[in-house]
Amino acid sequence: MTETTKTRPAPKAAVALTPGAEARIAALMAKAPEGAIGVKLSTPRRGCSGLAYSVDYVTEEQPFDEKIETPAGMFYIDGASVLYLVGSTMDWVEDDFSAGFVFDNPNAKGACGCGESFMV
């Protein structure tokens, strides 16, 4: 009897990036400070509801961060935040009055009235 090797498809990324989000990441990386290797999404504790979204430049990889290769450059998700973000979509939205990343997060059970933070 011969052994067979089963190949599983690569797992989906925890967060899906829209073309708008990828374009914004490209714009950020085009003007990134020296030493930046990508941008990183994390969910620090802050605001009325407990967690907030934060996108910052990153200068070194951390062992448990999820790494997503995009046409725009590397996008990282903080290892401690992945659990709160699985299945989310990240978009970049601009209108006449504001611009920013917008998240469709199926794990969020509520948000504060000002939109600054969310709870899971």
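A heavy-atom distance below 4.5 Å is found between the side chains of Y53 and N105. In this structure the side chain of M90 never reaches within 4.5 angstrom of the side chain of T18, judged on heavy atoms.
Residues A99 and W92 share a closest heavy-atom pair of CB-CZ2, 3.8 Å.
Listed by first then second residue, pairs satisfying salt bridge (charged side-chain N to carboxylate O under 4.0 Å, His left out) with a partner in residues 79-97 number zero, not counting sequence neighbours.
I68 and V58 are members of different hydrophobic clusters when ILVMFWY side chains are connected at heavy-atom separations under 4.5 Å.
S54 pairs by the side chain to side chain donor-acceptor pair (under 3.5 Å) definition with D56, not counting sequence neighbours. Under the rule for a side-chain contact (heavy atoms from CB on, under 4.5 Å), L83 has no partner lying at least two apart in sequence or in another chain.
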Less than 3.5 Å apart, which donor and acceptor atoms pair up between the side chains of residues 70-79 and the rest of the protein, not counting sequence neighbours?
residue, atom, partner, partner atom, Å
T70, OG1, A72, N, 3.1
T70, OG1, G73, N, 3.1
T70, OG1, G73, O, 2.6
Y76, OH, E61, OE2, 3.1
D78, OD2, A80, N, 3.3
D78, OD2, S81, N, 3.3
D78, OD2, S81, OG, 3.0

Residues 22-36, side-chain donor-acceptor partners within the protein, below 3.5 Å, at least two apart:
none

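If you chain together ILVMFWY residues whose side-chain heavy atoms come under 4.5 Å of each other, V93 ends up grouped with V102.
Atom CZ of F103 and atom CG of L41 lie 5.0 Å apart (nearest 0.5 Å).
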